[in-house]
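What follows is a single structure, written as structure tokens, with notes after it.
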Protein chains: 2
Amino acid sequence: MNFKESHHLILNNISRFIHLTELEKQKYVSLLTEIRVKKKDFLMQAGEITKYEYFITKGCLKVYTLDEDGAPHISMFAIEDYWTGDISSFMTKEPSRYYIKATEHSELLGISRTNYDVLFQEIPKFERFYRILYQRSLISYIRRSNHGISLTAEERYIIFKKKYPQIINRITQKDLAAYIGITPEFMSKIISKVNRM
Amino acid sequence: MNFKESHHLILNNISRFIHLTELEKQKYVSLLTEIRVKKKDFLMQAGEITKYEYFITKGCLKVYTLDEDGAPHISMFAIEDYWTGDISSFMTKEPSRYYIKATEHSELLGISRTNYDVLFQEIPKFERFYRILYQRSLISYIRRSNHGISLTAEERYIIFKKKYPQIINRITQKDLAAYIGITPEFMSKIISKVNRM
DNA sequence: TAAAAGTCTTAAACTAGTTCATTTTTTTTC
DNA sequence: GAAAAAAAATGAACTAGTTTAAGACTTTTA
């Protein structure tokens, strides 16, 4: 059996948690859709019902909401080997409040809501895969929500820099500010202060 | 087959996502441990390795960390029909950074780490149950982490009050402040302001 | 490759939230 | 049910982070 590079990447990601036979691998990749999105283009926009859960094989994207004043708040940056999407809209089939925009030319594999359900019927082992995937995401979001209410912006910046060195060089300071939850002006002050230390 | 009241509660919670046969129900409840904890007593403390994932059948508990200054930051309040614990320490078997303290006399059902693994082997359907449970928790923590960095304390208070009316009357204003992420003094100001509106 | 658009920096005036100290009110305990 | 302990309220002085504005630097686009 011969898989393309993107399929190798996603199968390798999955193999960290569950073991699949060659036949299951074939079945699984047959349920995926390939998606390309150019820099600055949207993978999805607020108001739409999320059609896919995504796995990034190349590039970088930002997932964000806009508040009443039109200010962006970035929920996550997704690069190669990351999963992303709006799990809430994907599950409830209600319109999303999120935008997903490529900050670099990106390539993704998507699984549609229909195929997501088929997947569980045909290869129940995937319940385990997603159980573990969501469990791990949950751990990091519990931590992030605690940091948001208990740490200063400077502390959150230092943690982000340490935890995601491979991301920080690929994003603008403005987007980093929208992720940390402060204005770009204050982000600029923090960075020059931390660098001076 | 005759189950006690607490077993009825937990089985009813589980039946929202998966269907169990009578035999599976019996098997499942045999893996649970009953726990009682008096008001102001700890269910667990920072430094311990989390032994159980908990389901609350009666009472109210707060899950919190202490920062370097000794100030508490509450991650969640758990009441009847809620699941709680420290999923990170439970999975990694590393010492927890959380305290769980009963704010009322409470009764819980716990599943140990060993039995959690046995459960998946014996009733693989539980992978699906936990997949859905974690997926839903994830959705609410993603939202909470966004609120923490994008909303004012007053907005977070109004949202909490609307979303958890059954909890707000059971907790102190001080604990609410530790959940919202502000000082008790500022919480007091916000509440009197919002009530005046 | 010049012009336009977007990003980053700096600074002054402002606001949301903290700190500290004191008093009042409510809850707990014996 | 009185005394002690904890929670809530209030206010003044403070700090982290915002707003607005303007200039310098960098990237994108025609």
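- Remark: B:Gly181, B:Ile182, B:Thr183, B:Glu185, B:Phe186, B:Lys189 in residues 181-190 of chain B come within less than 4.0 Å of DNA chain C through at least one heavy atom.
- Looking at every heavy atom in both residues, A:Cys60 comes nearest to A:Ile171 through SG-CG2, 4.4 Å.
- Judged purely by atom type and a 3.5 angstrom limit, B:Ser89 uses its side chain to pair as donor or acceptor with the backbone of B:Thr50.
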Counting only pairs under 3.5 Å, give me each side-chain donor-acceptor contact of residues 11-20 of chain A, with atom names and distances, residues two or more places apart or in other chains.
unit_1: A:Asn13; atom_1: OD1; unit_2: A:Trp83; atom_2: NE1; d: 3.0
unit_1: A:Asn13; atom_1: ND2; unit_2: A:Asp81; atom_2: O; d: 3.4
unit_1: A:Asn13; atom_1: ND2; unit_2: A:Asp81; atom_2: OD1; d: 3.2
unit_1: A:Ser15; atom_1: OG; unit_2: A:Asn12; atom_2: O; d: 2.8
unit_1: A:Arg16; atom_1: NH2; unit_2: A:Asp81; atom_2: OD2; d: 2.5

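- Applying the side chain to side chain contact (heavy atoms under 4.5 Å, CB included) test to A:Lys162 and every residue at least two apart in sequence or in another chain returns nothing.
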Checklist line | Sugar-phosphate or base contact per nucleotide [nucleotides 22-30 of chain C; S, B, -; heavy atom under 4.0 Å] | finding: ------SS-
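- Atom CD of B:Gln166 is surrounded by more than 12 heavy atoms from other residues, nucleotides or ligands within 6.0 Å.
- Within residues 159-168 of chain B, no residue is approached by DNA chain C to less than 4.0 Å at the level of any non-hydrogen atom.
- Counting only residues at least two apart or in different chains, salt bridge (Lys or Arg N to Asp or Glu O under 4.0 Å) contacts with residues 119-145 of chain A comprise A:Glu24-A:Lys125, A:Lys27-A:Glu122, A:Glu127-B:Arg128, A:Glu127-B:Arg131, A:Arg128-B:Glu127, A:Arg131-B:Glu127.
- Listed by first and then second residue, the salt bridge (Lys or Arg N to Asp or Glu O under 4.0 Å) pairs involving residues 31-44 of chain A are A:Lys4-A:Glu34, A:Arg36-A:Glu107 (not counting sequence neighbours).
- The span of DNA chain D lying next to chain B, judged by atoms under 4.0 Å from heavy atoms, is bounded 5' to 3' by D:dA7 to D:dA12.
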Can you give each donor-acceptor pair under 3.5 Å made by side-chain atoms of residues 145-152 of chain B, sequence neighbours left out, with the distance rounded to 0.1 Å?
unit_1: B:Ser145; atom_1: OG; unit_2: B:Tyr141; atom_2: O; d: 3.4
unit_1: B:Ser145; atom_1: OG; unit_2: B:Ile142; atom_2: O; d: 3.0
unit_1: B:Asn146; atom_1: ND2; unit_2: A:Tyr98; atom_2: OH; d: 3.4
unit_1: B:Asn146; atom_1: ND2; unit_2: B:Ile142; atom_2: O; d: 3.0
unit_1: B:Ser150; atom_1: OG; unit_2: B:Asn146; atom_2: O; d: 2.7
unit_1: B:Thr152; atom_1: OG1; unit_2: B:Glu155; atom_2: N; d: 3.2
unit_1: B:Thr152; atom_1: OG1; unit_2: B:Glu155; atom_2: OE1; d: 3.3

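- The ring-ring contact (aromatic ring centres under 6.0 Å, His included) test applied to B:Tyr164 returns B:Phe160, not counting sequence neighbours.
- With axes fitted over five pairs at each extremity, the angle between the ends of the helix from C:dT1-D:dA30 to C:dC30-D:dG1 is 60° (10° resolution).
- Every residue two or more places apart in sequence or in another chain that forms a side chain to side chain contact (heavy atoms under 4.5 Å, CB included) with A:Leu66 is listed here: A:Tyr64, A:Pro72, A:Tyr99.
- The backbone N or O of B:Pro184 lies less than 3.5 Å from no partner atom in the side chain of B:Ser188, so there is not a single donor-acceptor pair.
- A:Ile132 and B:Val118 fall within the same hydrophobic cluster, where Ile, Leu, Val, Met, Phe, Trp and Tyr residues are linked whenever their side-chain heavy atoms come under 4.5 Å apart, directly or through other members.
- The distance from atom NZ of A:Lys174 to atom C1' of C:dA5 is 11 Å, rounded to the nearest whole Å.
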